[in-house]
Protein chains: 2
Amino acid sequence: MATDRDTVLEAAVGVLSRRPTAHMDEIARAAGISRATLHRLFPGRDALIREVGLLGLQRFAAALDTADTGAGDAEAALRRLVDASVPDAMLCAFLAGENQLYEHDDINDLWEVQIARLHALFLRGQQEGVFRIELSAAWLSEAFFDLVAGIGWSIQDGRLAPREAAFSLAELFLGGALRRPDARTPHPPAHSTPDRKPETDTP
Amino acid sequence: MATDRDTVLEAAVGVLSRRPTAHMDEIARAAGISRATLHRLFPGRDALIREVGLLGLQRFAAALDTADTGAGDAEAALRRLVDASVPDAMLCAFLAGENQLYEHDDINDLWEVQIARLHALFLRGQQEGVFRIELSAAWLSEAFFDLVAGIGWSIQDGRLAPREAAFSLAELFLGGALRRPDARTPHPPAHSTPDRKPETDTP
DNA sequence: CAATTCTGAGACATGACTGTCTCATTTGGC
DNA sequence: GCCAAATGAGACAGTCATGTCTCAGAATTG
């Protein structure tokens, strides 16, 4: 029985991350409360969805703060970000699946701020020679967030043990994102070779 | 103006992959036809969604067929799968975001068959020493599909050039999934070290 | 123990989307 | 140019979820 707003939000995430179109009935039952009480806590469905999205973005922003992505080695910063964001992976899964949120301008702005922070981290890592420059920072940002969401879905469905989550995410993503100090790309790309030039953001 | 069923389905994917709750009106407008004609082509919304999902699964199954994932080097097989599945990345994005599909048993079965084929490819690669065994084949399967979906979203939103898609996916994913022939893991995992034992499926 | 507050269950009206229909218009074939 | 088929626009009822209300019962507080 969860009468707290935050507790209800947590329960709502559990339902909405898998079924974004869940009715108020389902959300209320998932939280162990009645539909009436749910409406007493949140003005309506829109407000509830919006608050869940806001919670997710705030948690992800807090993870970026905790990881202190602007300091030190870019690889170490990303590892800190992995550890900080995996506990809220389910919220990220909700954010990835709920594209209806982007109708609200404030949510959209907050989202873009966090993506910009991710982008900046990858750009810095590329300029420092830590991350590969053949992959655009935008793609690295997108892929990282998608994998965090994938972690959330996998854990929720019982396909991934929570203890393995951070390790699995860090090893898979960093393996593909880090420049190899010794070995070059295992095979030269046979398809289209994007001759990407190292980007700069601070002119 | 798209009067063909397949053309309408393609247009529907474009809308539904981003807004899974789009109304019939929006889908019809996206296809350039009226709501009446849309209803003449498909019995109802459920049938339309179901056919889009079926199309996505059939395309992904066809990609697995084309790639011939059971033959030859596992890495080469995965590279073939990347090339074969990237053109249908938007459909995979739809599949990843539309969890409501899994109420239909036939769709669910077809889905699990394809995931099993992916899983088998990664398991084989692990047994042949091509893919890392510290990451479970289940996680590799999930991550691969999530990244294909991410490719689809990125292309649709104009954040990734279609020409770079296959390269970006293959390099990022294979970099994290392949065993490094010479260099070991850049940093020994400081967090929890899952002492995974190499799995077997054919006893 | 009594009073207050909060919750759950249900009823109710509202609104939105869906599915079906009709009819005028257009398209395409002959 | 005529006829047939198909399309678009709109109207219509049905359905479902939402949001609000009331009331009885439970929990908490004094």
Side-chain angles (χ1 to χ4, degrees), chain A residues 1-56 93-95 97-108, chain B residues 1-56 94-95 97-107:
Chain A
M1 180 176 326
T3 72
D4 237 47
R5 281 175 63 94
D6 291 338
T7 320
V8 172
L9 281 179
E10 299 277 354
V13 174
V15 182
L16 291 169
S17 61
R18 259 294 152 206
R19 307 194 64 234
T21 65
H23 309 316
M24 295 294 273
D25 245 348
E26 306 178 49
I27 301 173
R29 267 198 300 271
I33 62 178
S34 72
R35 199 165 64 94
T37 307
L38 183 59
H39 269 93
R40 288 187 188 103
L41 289 172
F42 301 95
R45 189 175 203 281
D46 276 351
L48 173 62
I49 300 284
R50 207 176 149 289
E51 282 209 44
V52 175
L54 214 57
L55 177 68
F94 166 80
L95 287 174
E98 189 77 4
N99 311 104
Q100 202 166 2
L101 280 171
Y102 304 147
E103 298 171 357
H104 307 273
D105 281 346
D106 50 349
I107 295 267
N108 204 8
Chain B
M1 181 176 325
T3 72
D4 238 47
R5 281 176 62 94
D6 291 338
T7 320
V8 172
L9 281 179
E10 299 278 354
V13 174
V15 182
L16 291 169
S17 61
R18 259 296 153 205
R19 305 193 66 234
T21 65
H23 309 316
M24 295 293 274
D25 245 347
E26 305 178 50
I27 301 172
R29 267 198 301 271
I33 61 178
S34 71
R35 202 164 63 93
T37 307
L38 183 59
H39 269 93
R40 287 188 189 104
L41 289 172
F42 301 95
R45 188 175 204 282
D46 277 350
L48 173 62
I49 301 284
R50 207 176 149 288
E51 281 210 45
V52 175
L54 214 56
L55 177 67
F94 167 80
L95 287 173
E98 189 78 2
N99 312 104
Q100 201 167 3
L101 280 171
Y102 304 149
E103 297 171 355
H104 306 273
D105 280 345
D106 50 349
I107 295 269

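Throughout, a chain's letter reflects where its sequence line sits, starting with A, and its residues are numbered from 1.
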Rounded to whole angstroms, how far apart are [atom1] on [X] and [atom2] on [N]?
{"X": "B/His23", "N": "C/dA16", "atom1": "NE2", "atom2": "C1'", "result": "8 Å"}
{"X": "B/Asp46", "N": "C/dG19", "atom1": "CG", "atom2": "P", "result": "7 Å"}
{"X": "A/Phe42", "N": "D/dA17", "atom1": "CZ", "atom2": "P", "result": "21 Å"}
{"X": "A/Asp25", "N": "D/dT18", "atom1": "CG", "atom2": "P", "result": "8 Å"}
{"X": "A/Leu38", "N": "D/dT18", "atom1": "CG", "atom2": "P", "result": "10 Å"}
{"X": "B/Glu26", "N": "C/dA16", "atom1": "CD", "atom2": "P", "result": "14 Å"}
{"X": "B/Arg29", "N": "C/dC17", "atom1": "CZ", "atom2": "P", "result": "11 Å"}
{"X": "A/Arg45", "N": "D/dT20", "atom1": "CZ", "atom2": "C1'", "result": "18 Å"}

I'd like to know if the side chain of A/Ser17 and the backbone of A/Val13 have a donor-acceptor N/O pair within less than 3.5 Å.
yes

Could you give the angle between the helix axes at the two ends of the helix from C/dC1-D/dG30 to C/dC30-D/dG1, with five pairs per end, rounded to 10 degrees?
40°

[X] side, atom [atom1]; [Y] side, atom [atom2] - distance, nearest 0.5 Å:
{"X": "A/Leu38", "Y": "A/Arg29", "atom1": "CG", "atom2": "CZ", "value": "11.5 Å"}
{"X": "B/Leu55", "Y": "B/Glu10", "atom1": "CG", "atom2": "CD", "value": "6.0 Å"}
{"X": "A/Arg40", "Y": "A/Arg35", "atom1": "CZ", "atom2": "CZ", "value": "11.5 Å"}
{"X": "B/Leu41", "Y": "B/Asp4", "atom1": "CG", "atom2": "CG", "value": "8.5 Å"}
{"X": "B/Phe94", "Y": "B/Arg18", "atom1": "CZ", "atom2": "CZ", "value": "13.5 Å"}

Is any side-chain heavy atom of A/Glu98 closer than 4.5 Å to one of A/Leu16?
no

Respond yes when some side-chain nitrogen or oxygen of B/Ser34 is under 4.0 Å from OP1 or OP2 of D/dT7, and no when none is.
no

Listed pairs, N/O of protein and of nucleotides 20-29 of chain C, under 3.5 Å:
none

Determine all donor-acceptor pairs shorter than 3.5 Å in which one atom belongs to a side chain in residues 21-28 of chain B; sequence neighbours excluded.
| from | atom 1 | to | atom 2 | distance (Å) |
| --- | --- | --- | --- | --- |
| B/Glu26 | OE1 | B/Arg19 | NH1 | 2.6 |
| B/Glu26 | OE2 | B/Arg19 | NH1 | 3.2 |
| B/Glu26 | OE2 | B/His23 | N | 3.2 |

Could you tell me which non-hydrogen atom of B/Ile33 sits nearest to which non-hydrogen atom of B/Val8, and how far apart they are?
CD1-CG2, 4.0 Å

